[in-house]
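For reference, the structure discussed in these notes is given below.
Reckoned from all heavy atoms, side chains included, excluding hydrogens, waters and symmetry mates. Below, read A as the first sequence line, B as the second, and so on, with proteins coming before strands; counting in each chain starts at 1.
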Amino acid sequence: MRVQKWLRNLLPHLASRAILTLSLACMLAFAQADLSGLPDLVSLQEIQQEEFEPAVGEQIRLAYSQTLHEPRNAEVVGRLGMILQCYRKYELAELCYRRASTLSPRSFRWVYYLGNVEGWTGKNHDAIDHVRKAMRIDESYTPARVRLAQLLFESGDMQQSLKEYEESIRQNPRLAAAHLGRGRVLAARGEWPDAIASYRTACNLFEHHAASHYALAMAYRKTGDEAKALEELDLYQRFKKTPQPAEDPLVDAINSLYAGGNSHFANGSSLAQQGMTKEAAIAFESALKVNPRLIMAHVNLIAIYSDLGLPDKAEEHFREAVKLDPGWAELYYNWGLLLFRERRFAEASEIFKKAIEVNPNYANAYVQLGQILDEGGRLGEAQQHFRLALENSPGNRQARYLLGASLIRTAQFDEAIAQLLETIKVDDDKTPVCMQALAVAFQGAGDVKKALYYTQQARERAITHKMDELVVQLQRDIDRLSAETKAP
Amino acid sequence: MTAWCRATGFSFGVIAVLAIGWMRAAGTGARPAENVNLFEDVAAATGLDFQHFIGATGSYFQPEILGSGVALLDYDGDGDLDVYVLQGTILDRTKSLKDVIFTPPQKFRPGNRLFRNELIPTGKLRFVDVTDEAGVGGNGAYGMGVAVGDYDNDGHPDILVTNFGRNILYHNNGNGTFTDVTYAAGLEAESFYASAAFLDYDRDGYLDLVITRYNAFTVPGNKKCYSYAGGREYCGPGDYPSLSSKLYHNDGHGHFLDVSQKAGIAASVGNGLGVICADFNGDGWIDIYVANDKTPNHLWINQHNGTFKETALIAGAAYNGDGKALSGMGITAADFDNDGDEDIFVTNLTGEPNTLYQNDGSGIFEDVTNVFGLGHATLSSTGFGTSWFDYDNDGRLDLFVANGEVRTIDSQRGRSFPYSQRNQLFHNESATFRDVTAHAGPVFQVSRVGRGAAFGDVDNDGDIDIVVTNANGPVQLLLNQVGSRNHWLQALLQGVRTNRDGYGAIVVLRRKGRPPLRRRVGTDGSYLSAHDPRVHFGLGTDAELKESPPESLSVMWPDGYKESWEVRKPDRVMRLTEGQGKAVR
């Protein structure tokens with residue numbers, strides 16, 4: 001009886017335990033069944049054999065070894081995907097995202113990244129599915145909706161694309177990409193006035209939105225307003241190299257993972273363009289610390305150290321770069337410019353010849369060689385080199401000006417005039433000097449009236465550009481020429 | 001059990017009805033039959049035995065990843081198309097065959113090769129290598145592209161070979177042999193040339209030449225370039241200075257004068273790879289469109305006075321719809337939408353969609369790539385040779401793209417030449433181009449490194465075949481298996497006052513009750529390649545032919561003279577000689 005009671009008391013306990021155990025087993029089995037389709041990362045073994053820039057290789061291999069240690073950690077696997085995508089390894093990134101999103105199906109990020117990368121590799125239907133799935137997890141992230149709209153547009157589903165763009169705008173009216181995309185759909189449907197309005201909104205939101213200016217130009221042209229089209233094309237040309245608005249923070253997070261030397265190089269280039277030479281040098285040196293093979297950094301440092309009056313440092317970079325890769329004509333050219341500046345003409349000449357040997361179309365190298373020959377009084381040969389420069393680069397204004405000036409010295413005034421007339425088609429701070437030379441050529445050809453005219457034009461422009469010394473010189477020429485024209 | 005059998009029987013019934021319906025649909029021309037071998041590669045079976053050799057020695061010289069092209073031409077005038085294929089070589093003259101990364105196969109022969117088609121007179125499609133007797137093996141330079149045209153109007157097609165190095169102009173002697181007349185013609189200047197085209201830009205009756213140039217790469221100036229992650233790769237187009245295209249005027253006495261500067265062509269530089277000549281603004285004069293790699297494309301509009309004006313930017317043909325300069329490689333132009341003007345399709349790199357520019361008739365273009373379904377479908381491939389052609393003879397122009405990468409494909413890393421991709425075929429369904437690659441047969445499941453593609457009726461059965469060259473791989477002859485099931489008409493023009501080939505002429509086929517079909521005479525376009533000079537029209541099924549029989553072919557010759565010919569019956573090649581038709585006002 002007691003045993004029976006004990007058994008009776010034990011049974012429910014056992015039953016509940018059994019139920020619990022069974023439940024746990026089912027859950028585990030279910031969980032494992034879910035992961036049975038887990039993409040493996042075997043293909044990524046190839047990464048071990050790939051050659052990378054040192055810092056990049058370190059970053060990728062560290063991330064990869066972390067995934068080997070924690071293959072079921074979605075964050076670790078997903079982060080590897082982000083790093084791979086950062087270096088444009090989309091196939092491998094897709095694999096990682098697929099695995100990460102399987103491991104963590106409720107994570108917005110991994111399935112969104114998966115859809116994104118599928119879109120970039122042309123798997124539009126899969127991309128649309130995955131971005132939609134991401135939006136079901138979190139529909140507040142508007143850039144995802146914009147991306148979905150774009151994918152639908154690329155698939156030719158204009159109606160759905162428009163719907164998503166309009167919903168994106170409703171959620172966040174300040175996304176220029178959404179307005180641009182809406183415009184593109186409306187344009188595809190032939191609804192040009194509305195398309196123009198959308199493009200205009202995008203441009204108003206972000207003045208430097210090059211793609212919107214381009215789209216607006218095409219729309220104006222389509223509707224027959226060529227003047228506005230040209231205006232917008234002008235803006236597009238101006239802004240196309242400007243950094244564009246960062247409207248998808250998740251995608252920007254990928255780009256920010258870049259560890260190679262190029263980001264320092266890009267920074268250096270930007271600083272150099274702004275005239276911040278010392279800062280640019282630091283940036284280029286940083287680029288080389290990260291990637292010693294970055295030849296362009298050496299090329300730029302030769303020029304920068306030359307400007308800073310540090311020829312020894314310039315030479316250091318020249319020698320180092322030539323050892324790395326002797327095929328860069330720009331290396332020889334920049335070094336040659338330094339030698340030219342220091343009036344080491346014989347050495348400069350050899351270096352420019354080397355630049356031409358490496359690149360027989362190198363117009364600027366011909367120009368420099370021509371100048372050296374001109375300095376040495378070898379005018380015929382100098383003219384030949386200027387002509388070679390023009391053959392390779394008909395728009396090379398410096399070559400044309402120097403040829404014109406040299407032709408004046410060899411009394412070939414008619415040809416000098418023809419060459420120099422081309423140089424004054426552009427109106428900038430070089431135009432006064434070009435006009436001055438043209439005036440001399442006309443005078444040599446016996447046309448004092450034209451000589452006077454161009455000297456006066458040159459003076460006006462020199463005043464505009466605040467070239468005081470030149471203004472004084474030109475005034476003296478005007479006085480002399482005026483006297484000549486009045487003389488019987 | 002009984003219910004299950006009944007259910008199964010019902011299922012079989014449904015499948016049978018569907019299958020019959022599918023077979024019927026194959027004959028209507030509405031949608032292509034799926035899972036049919038649309039093309040078969042018969043190169044090996046017909047003796048078209050050519051293996052391209054890129055000559056790579058580990059220095060990653062740019063020409064290695066870009067060449068080479070192929071031409072279809074009837075060099076011996078016997079009525080069938082012969083094949084001329086270009087070859088690479090070892091660019092580093094200090095190296096030899098023992099230094100190459102990819103050892104050529106046993107049957108490899110250096111130099112370009114000419115294969116004579118023996119269809120006429122034997123009746124069998126068979127090719128014989130006649131390179132040595134013809135004297136067209138090349139000059140040792142790296143073969144890039146080929147253009148075909150009868151530049152001296154003697155009735156025999158001549159060949160221009162573009163090289164990395166010195167080009168070659170071969171004059172066809174009319175007796176199975178050619179003479180290298182490059183120096184006499186004034187075409188000996190060396191550069192990095194790509195596609196070329198013969199055109200009569202000044203309407204003087206003689207074919208002139210336009211030749212694209214890629215960039216200022218030289219072997220001594222070879223740079224070491226790296227991928228974004230830092231692995232060694234072939235350099236991109238922008239790693240060397242861009243160059244302008246070259247325009248040469250034919251003086252009618254066998255000499256070509258470089259008029260690039262005078263004509264204005266030299267004013268704009270780019271990394272030219274593809275070129276096509278057509279009247280884009282409908283003013284009756286031939287214009288030139290150049291596809292540039294990562295620089296804006298050029299649209300040179302003929303000013304009727306020996307000069308050209310570059311208008312691509314305002315015309316909407318410089319960039320894609322996003323305002324980006326893409327990696328333009330291959331190019332084709334035709335009236336794909338039957339609205340009477342020349343539209344343009346340009347092939348681009350992986351990650352960039354190929355671009356479809358629709359012409360409004362006045363030389364203004366709109367990027368309609370996504371509208372016609374060609375955006376995402378082409379993102380995953382790097383496209384080279386391409387053309388609009390009616391592969392199923394349903395009257396609409398379809399698209400083929402030869403694909404092959406220029407950068408290492410991660411999934412192929414470890415293979416000897418990791419750049420292979422599948423070619424693509426798109427069926428024109430009026431409002432869209434449907435990617436039918438997956439259903440076009442086994443040959444479209446083969447991945448190679450596609451480059452040139454020449455289109456023409458190689459077996460003279462009334463449908464268009466394709467010869468594809470593959471970098472460091474075998475040439476493919478994709479013989480069309482389906483087009484000849486429908487009706488067709490071809491026309492071969494002969495100019496008398498105008499250039500003998502009739503290049504630049506517009507041929508319009510009028511049909512009862514249907515819009516006319518318009519084709520331009522020319523052999524240019526695609527990538528580094530030259531096509532069959534015959535114009536081709538698909539006329540559809542028996543029922544469609546009966547409903548809308550062809551009535552007439554009219555020709556507008558390059559000088560503006562128009563005449564027409566009655567079409568008495570389909571499924572033949574009509575020879576149209578200038579002056580022998582009925583004049584049209």
Which answer fits A:Trp328, side chain, backbone, both or neither, if we ask what part of it has an atom under 4.5 Å from a heavy atom of chain B?
-> both
With a 4.5 angstrom heavy-atom cut-off, which part of A:Ala127 approaches chain B: side chain, backbone, both or neither?
-> neither
Most chain B-contacting option - heavy-atom pairs closer than 4.5 Å, from A:Lys123, A:Gln59, A:Glu91, A:Glu53 | A:Glu91
For the side chain of A:Arg221 and the backbone of B:Phe365, is there at least one donor-acceptor N/O pair under 3.5 Å apart?
-> yes
Engaged part of A:Leu324 at the chain B interface, taking heavy atoms whose separation is under 4.5 Å = backbone
Proximal to chain B - members of residues 387-396 of chain A, heavy-atom separation under 4.5 Å = A:Leu390, A:Glu391, A:Pro394
Which atoms of A:Glu330 approach chain B - backbone, side chain, both or neither, heavy atom under 4.5 Å = side chain
Structural part of A:Lys240 lying under 4.5 Å from a heavy atom of chain B = side chain
For the residue pair B:Pro241 and A:Asn359, what are the closest heavy atoms and their distance?
-> CG-ND2, 3.6 Å
State plainly whether the residues A:Arg184 and B:Asp322 are in salt-bridge range, i.e. N to O under 4.0 Å.
-> yes
Once the angle between the rings of B:Tyr228 and A:Tyr87 is folded into 0 to 90°, is it parallel (under 30°), tilted (30 to 60°) or perpendicular (over 60°)?
-> tilted
Select one option (side chain, backbone, both, neither) describing which atoms of A:Glu154 are under 4.5 Å from chain B's heavy atoms.
-> both
Side chains of B:Arg413 and A:Lys89: closer than 4.5 Å at any heavy-atom pair?
-> yes
Could you look at A:Met158 and say if it's the side chain, the backbone, both or neither that has a heavy atom under 4.5 Å from chain B?
-> side chain
Check against side chain to side chain contact (heavy atoms under 4.5 Å, CB included), A:Met218 and B:Asp367 = CA-CA 10 Å; A:Met218 295 299 106; B:Asp367 178 353; over 6 Å; no
Which residues share a disulfide (SG to SG under 2.5 Å) with B:Cys235, sequence neighbours left out | B:Cys225
Residues two or more places apart in sequence or in another chain: which of them pass side-chain hydrogen bond (donor to acceptor under 3.5 Å, both in side chains) with B:Thr437?
-> B:Asp435
Salt-bridge contact A:Lys222-B:Glu366 (side-chain N to carboxylate O under 4.0 Å) = yes
Contact part of A:Tyr236 toward chain B, heavy-atom cut-off under 4.5 Å: side chain, backbone, both or neither?
-> side chain
Residue A:Tyr362 versus chain B: region with a heavy atom under 4.5 Å | neither
Honestly, the part of A:Val56 sitting under 4.5 Å from a heavy atom of chain B is side chain
Residues in side-chain hydrogen bond (donor to acceptor under 3.5 Å, both in side chains) contact with A:Thr121, at least two apart in sequence or another chain = none
